[in-house]
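In what follows, a structure is listed as C-alpha cells, so that the remarks can point back to it.
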Amino acid sequence: MSAPDAPAIALIGQPNCGKSTLFNELTGLSQHIANYPGVTVEKKTGYLKLATQRLPLVDLPGTYSLTAFSPEERVVRQYLLNSPPRLSVNVLDASQLRRSLSLTLQVLEMGLPLVCVLNMSDVARRHQQAVDARRLAELLGVSVVETVGRRGEGLEQLKQCMAHTLQQGHTEAPYLPDYGPLEAAIRTIQQALPAQMASRWRVLRLLEGDQELQTQLHSQLKEAAAPLLAEIKQQATAFTAQQGISVGDHIIIQRDRHAREIEAACIASARPPKVSFSERVDRVLLHRAIAPVVLLATVYLIYYASIVQGYELTHYTWPLLSGIRNQLAEWLPAAGFLYDPLSRSFSLWLVDSVNTLLNYVPIFLILFALIAILEDSGYMARIAFILDRILHRFGLHGQSTLPFILGGVFAGGCAVPGVMATRAIPDPRARLATILTVPYMNCLAKVPLYTLLISIFFVEHKALMMFFIATITVMVALLVARLLTFSILRPLETVPFVMEMPRYHLPTVQGVVRRSLERTWLYVKKVGTVVLAVAVVIFVLLNLPGLSADERAAFEQRANSALQTFYAEIADNPHAARFQDADYLLTALNLAAQYRARRMNLQNAEAIAALDQRFQSRYPEYFAFIRPGGGDRDVRAMQRSLRTLDQERRMVRLEMQETRIVNSLLGRVGRALEPVTQAAGFDWKINVALLSSFAARESSVATLGVLFQAEEGSSQTLEQRMGGAMQHADAALVALSLIIFFALYPPCLATAIMVRIQTASTGWMVFSVIFPTVLGLLVASAIYTTGVHFALDAVQMMMAFWLLTLALLLIIGLWPTPRPRPPVEPTHAH
Amino acid sequence: MSCAEYTLDRVPQGHPCRIVRLTAQGAVRQRLLDMGLLPSAQVEMVRMAPLGDPLELRVGERDSFIAIRRQEASYIHVCLCSEAALVTENLAMSSASP
C-alpha cells in the first residue's frame with residue numbers, strides 16, 4: 001500500500017452509504033458504484049477542485065468499524081494510521097444513522113479532522129425520519145452537510161464546508177462517548193503513551209487487545225513497550241473482573257448507547273417508522289414460493305435481451321466493421337500477384353483480429369446495462385440472499401454471486417473484474433474457491449467462439465446449446481468449488497455470512513448508461529492492448545520461418561504457368577494490349593477483388609448503382625473489366641479470362657499461406673501436441689488457436705479466423721469459412737468437445753495476473769492455470785471418445801454430459817451433512 | 001429480569017426479540033456487533049430464504065435489514081419481547097431437540 005506524498009482528503013463510510021457516488025460527483029471520475037455492499041475494495045484516488053486548489057481525494061473501501069478483521073477494515077485503518085489525511089469526509093446514511101455513527105465516533109476518537117455528510121436524507125425524510133442536521137453537528141462537534149448523492153444535491157455546500165474546515169483547522173469534538181468505569185484506565189494509559197500515539201482510539205483498541213497495534217508498539221518503543229503492554233493488560237483484566245464484561249463489549253455498548261442518544265436527539269418524529277417500501281417489495285420478491293420464479297425470470301430476461309437480441313444487432317454492425325476493413329485495404333499498398341507487402345498483410349491481420357471482437361460490442365452494451373440495473377436497484381443483494389444456501393453448500397458464499405455474474409454466468413462477462421470483486425467476500429476459503437472458479441464462467445471472450453461454433457454446427461439447436469453452455473459452466477464451477485474446498489482449501493479459515501440488505505433504489509438512466517459504456521470500454525481497451533500485442537506475437541509465430549526456397553520456386557512456377565495460360569487465351573482479344581503491362585493486370589485483379597468485397601455488403605439496387613458509379617468515375621480504364629457482366633463480347637471474354645486467372649491466383653495464395661502456417665513455429669507446436677489432443681478431436685489448427693488464446697481468449701476466434709484463411713478480398717464470414725473447411729463426419733462432436741474444453745479453459749493472461757494479485761501467491765496462479773487445462777482436456781477427451789465410440793451425435797452427447805453433471809451436482813448438493821452446533825448452552829439465564 | 005433464552009435460529013418468523021448475549025468470538029462476534037446485533041438490541045426474523053437458510057433479520061426499531069446464516073444466528077441468544085405472543089407449542093417443540 002503506497003501512501004500518497006501529500007496528505008489527501010479521505011472519503012470514509014460504511015458499505016453502501018453512497019460514498020462512491022459522492023466521490024464521482026466530487027472528482028468527475030466515474031468509478032464503479034452499485035447498490036451492493038462491498039463494491040469498492042481498493043482505495044481510489046481522484047482530484048477535487050476546492051476554490052483555487054486541486055487536492056487529492058481518496059475513496060476508501062466501505063467499512064463498518066476500524067478493527068482489523070476484514071481486508072476492508074485493514075485497508076482503511078492502515079491508511080488512516082500511516083498517512084493521516086488532512087481532512088476526512090465521513091459519509092453517513094441518514095436512514096441508518098445509529099449504525100453509521102459508530103464509525104464516525106471511532107474516527108473522531110482517532111482525533112482526525114472530520115466533516116460529516118448526511119447522505120440519502122431524501123430516503124430518511126420519506127420514511128418520516130428526517131434527521132436534524134444542525135442538531136447533529138452540535139452533538140458531534142463537527143460540520144454536517146446534507147446531500148442527495150444520486151441527484152448531486154448539496155455538493156456546493158459540502159465543498160464550501162470542506163474548504164472552510166481546511167482553512168480553519170481542526171477543533172476537537174466536544175462530545176465523545178463516555179466509557180464510565182473504563183475512563184480511569186483510559187487516562188492512565190494515555191499518560192503512559194508518547195503524545196503522538198496517545199489518541200483515545202488507540203488506547204481503547206490496546207485495551208481491547210488489538211494485535212496489530214501491540215506489534216506496532218513493540219517496533220516503535222522497543223524495550224519500553226513490554227512494561228506498558230503489561231500495564232494495559234492488567235488494566236483490562238482488572239476491568240473485566242470488576243464489571244463482569246469484557247472491555248471490547250463494554251466499549252461497543254457504550255459507543256452504541258452514545259450513537260443512540262444522538263440519533264434520538266436528531267430525529268424529531270415521534271411517529272414510529274412505517275413499514276418501508278423495500279420491506280413491502282421484499283414481502284413479494286423474497287416470498288419463498290415467488291422468489292425462485294422471479295430469480296429465474298430475471299436471469300432468463302437478461303440472457304434473452306443481451307445474448308439473443310444483442311446478436312440480432314450484430315447483423316447491423318458487421319457491415320460497418322467490414323466496411324472499415326475494406327476501406328483500409330484500399331488505402332494500404334496494393335497486393336502483389338503472389339506476395340503482399342508486409343505492411344499490408346500485417347495491418348489487415350490486426351484489423352481482422354480486432355474486428356472479429358468489436359462485432360460483439362452490442363451484446364456487451366446490453367448485458368452490462370442490465371447488470372448495472374441489477375446492482376443499482378438492490379436486487380443483486382437479494383440474489384445473494386436467495387442463492388447463499390446453494391453456494392454455501394458447495395463451499396462458496398452468497399456474495400460469490402457478484403463475481404460469478406461479472407465473470408459471466410449469463411454468458412458474457414469478464415473474469416478480471418470478477419476476480420477483483422471477490423475482495424468483497426469476507427470468508428477466506430469461499431473467497432479463494434470463488435477466485436479459482438470465476439474463470440469457468442463464460443466471459444465475453446469465450447462468447448465469440450461459442451457463437452461461432454454454434455452458428456456453424458448447431459444452428460437448429462441454438463437456444464438449447466446456449467442453455468447448455470450457460471448451465472454446464474455453473475454446474476462444473478460448483479463441483480470444482482466443492483472439490484477444492486474439501487481438499488486443498490480445507491485448511492483455510494471460514495468466517496460468517498452477515499450481509500446488509502440494501503434498500504431498493506430506482507436506478508438512474510445516466511448511471512446505468514455510464515457503467516455500461518465504461519465496462520464495454522474496458523473490454524475494448526483490453527482488445528486494444530492485450531489482443532493487439534498478442535496478435536503481433538502470433539503473427540510472428542505464424543509467419544516464421546516462412547517458405548523454403550523449393551516451395552517458393554514451386555509456387556512461382558504455378559503462378560507463371562497461370563499467367564502464360566491467361567496471355568495465350570487473350571492473344572486475340574482487342575483489349576489484350578493493356579494487359580501486357582504487368583502493373584495494369586495486377587491493378588485490375590486487385591480492383592476486381594475490392595469491388596467484390598464492397599458489393600458483398602450491399603443489399604439494395606440503389607447502393608449497388610452508387611458503388612458502380614463510384615468505381616466508374618474513379619477507375620474509368622478498369623471499370624468495364626472489373627464489374628461482372630455488361631460490355632461487348634470482347635470485354636466479356638476478357639472478364640472470363642481474368643476470372644480464371646484470379647481463381648488460380650487465389651488458390652495458389654491459399655496453399656502458400658497454409659504451407660507457411662504448417663512450417664511456422666506455432667504450427668509445429670500445434671502438430672507436436674496432436675497426439676495428446678486427438679483424444680478430444682482437436683487437430684493442429686485448433687491446437688494453434690487454443691495456444692494463442694492462452695495469452696487472451698479473444699484471440700482464439702481471431703486465430704481461427706486466419707487459420708481458416710480469408711482469401712484476399714473475400715467478405716465471407718468466419719462461420720461460412722469454417723463450416724466449409726470442417727466438413728468431416730464428426731465435426732459437430734469436435735465442436736462440442738471444443739466448446740467444453742473452452743468452457744473449462746484456464747484463465748487468460750490478464751486474469752491469471754489478477755489471481756496472482758488477489759491471492760498474493762504465485763502458487764495459486766500456477767494452479768489456476770494448470771488445473772483447468774488438465775480437467776478440460778480430460779472432460780473433452782472423454783466426450784469426444786465416448787461420442788465416437790457409441791456413434792452418438794453431438795446433441796445427444798451434450799445431453800448425456802449435462803444430465804451426468806446435474807446428477808453429480810444433485811447428489812453432492814442434497815447429501816446430508818451434519819450441521820455443526822455451537823457448544824450446548826444452558827437455556828435459562830437471568 | 002429473568003426470561004426464557006433461545007438461540008435466534010430457533011425463534012419463528014415474526015417474533016420480536018431482545019438480544020441477551022452473543023456466544024461467538026473473534027471475527028464473527030465483531031461482525032455481528034458492527035451490524036448492530038448488540039446485547040439489548042431488538043431483533044426480529046422477518047423471513048427465511050427460499051431454501052430455509054439464510055435468514056433475514058430486522059435489527060433495531062428502525063428499518064435495518066440483515067441477512068445471516070442459521071449457523072451465525074445460533075450464536076445470538078435472545079429473549080422474546082412479549083412472552084404472550086409466543087407460539088408456545090412451536091417453540092417448545094423446536095427447543096426440545098438440542
Side-chain angles (χ1 to χ4, degrees), chain A residues 14 63-65 67 69-70 95-99 102 127 129 248-249 252-253 256 263 267 272-273 275-276 278-279 282-283 286-289 291-292 295 381 384-390 392 398 426 493 495-503 819-830, chain B residues 1-7 9-10 13 19-41 46-77 79 91 95-96 98:
Chain A
Q14 297 195 337
T63 176
Y64 292 105
S65 69
T67 52
F69 285 114
S70 73
S95 56
Q96 298 288 344
L97 190 58
R98 177 169 163 194
R99 207 177 61 207
S102 106
H127 293 118
Q129 301 291 310
D249 279 12
I252 206 155
I253 289 169
D256 179 65
E263 188 187 58
I267 297 181
V275 177
S276 70
S278 291
E279 172 55 16
D282 275 343
R283 280 179 192 167
L286 289 183
H287 184 275
R288 289 186 77 168
L295 181 63
F385 177 68
I386 297 170
L387 292 178
D388 179 69
R389 177 66 204 276
I390 301 175
H392 185 49
E493 60 166 332
V495 293
F497 177 89
V498 182
M499 185 187 71
E500 193 187 340
M501 299 284 264
R503 260 185 211 83
R819 191 154 65 89
R821 299 288 313 172
V824 179
E825 297 282 338
T827 48
H828 265 267
H830 62 92
Chain B
M1 187 190 86
S2 161
C3 72
E5 201 178 306
Y6 306 91
T7 57
D9 60 324
R10 302 276 170 112
Q13 198 169 326
I19 297 178
V20 179
R21 62 206 170 98
L22 306 177
T23 52
Q25 292 303 324
V28 185
R29 182 185 192 83
Q30 186 61 44
R31 187 89 175 138
L32 295 175
L33 293 172
D34 284 342
M35 300 305 283
L37 293 162
L38 303 143
S40 86
V46 284
R47 68 176 56 83
M48 283 184 251
L51 295 166
D53 195 18
L55 310 173
E56 187 177 348
L57 308 179
R58 181 211 300 267
V59 183
E61 295 79 13
R62 290 169 212 285
D63 270 348
S64 170
F65 291 91
I66 284 162
I68 182 173
R69 285 199 195 120
R70 280 180 182 276
Q71 179 63 49
E72 277 78 45
S74 72
Y75 299 135
I76 303 171
H77 288 241
C79 277
L91 268 179
S95 60

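Proteins come first, then strands; the chains are lettered A, B, ... in the order of their sequence lines, and each starts at number 1. This is a predicted model, so every value here is computed, not measured.
- Residues Leu38(B) and Ile19(B) have side chains not in contact (no heavy-atom distance under 4.5 Å, counting atoms from C-beta outward).
- The choice from Asp282(A), Asp256(A), Leu387(A), Leu97(A) that makes the most heavy-atom pairs within less than 4.5 Å of chain B is Asp282(A).
- To the nearest 0.5 Å, atoms CG (Leu55(B)) and CZ (Phe497(A)) are separated by 10.0 Å.
- Contact count versus chain A (heavy atoms, under 4.5 Å) is highest, among Gly60(B), Ala73(B), Pro50(B), Pro39(B), for Pro50(B).
- For Arg98(A), the part lying under 4.5 angstrom from a heavy atom of chain B is the side chain only.
- Listed options Glu72(B), Met35(B), Arg47(B) were ranked by heavy-atom pairs under 4.5 angstrom with chain A; first place goes to Arg47(B).
- The backbone N or O of Tyr75(B) sits less than 3.5 Å from a side-chain atom of Thr23(B), completing a donor-acceptor pair.
- Taking each heavy atom of Arg389(A) and Leu51(B) in turn, the nearest pair found is NH1-O, 3.1 Å.
- Between the Glu56(B) side chain and the Phe65(B) main chain, no donor and acceptor come within less than 3.5 Å of each other.
- Contacts between Gln96(A) and chain B at a heavy-atom distance below 4.5 Å involve the side chain alone, from C-beta outward.
- Considering only heavy atoms from C-beta on, Gln30(B) stays 4.5 Å or farther from Tyr64(A) through its side chain.
- Interface remark: Ser65(A) contributes backbone and side-chain atoms alike to the contact with chain B (heavy atom separation under 4.5 Å).
- Considering only heavy-atom pairs separated by less than 4.5 Å from chain A, the leading option among Ser64(B), Ser40(B), Gly52(B) is Ser64(B).
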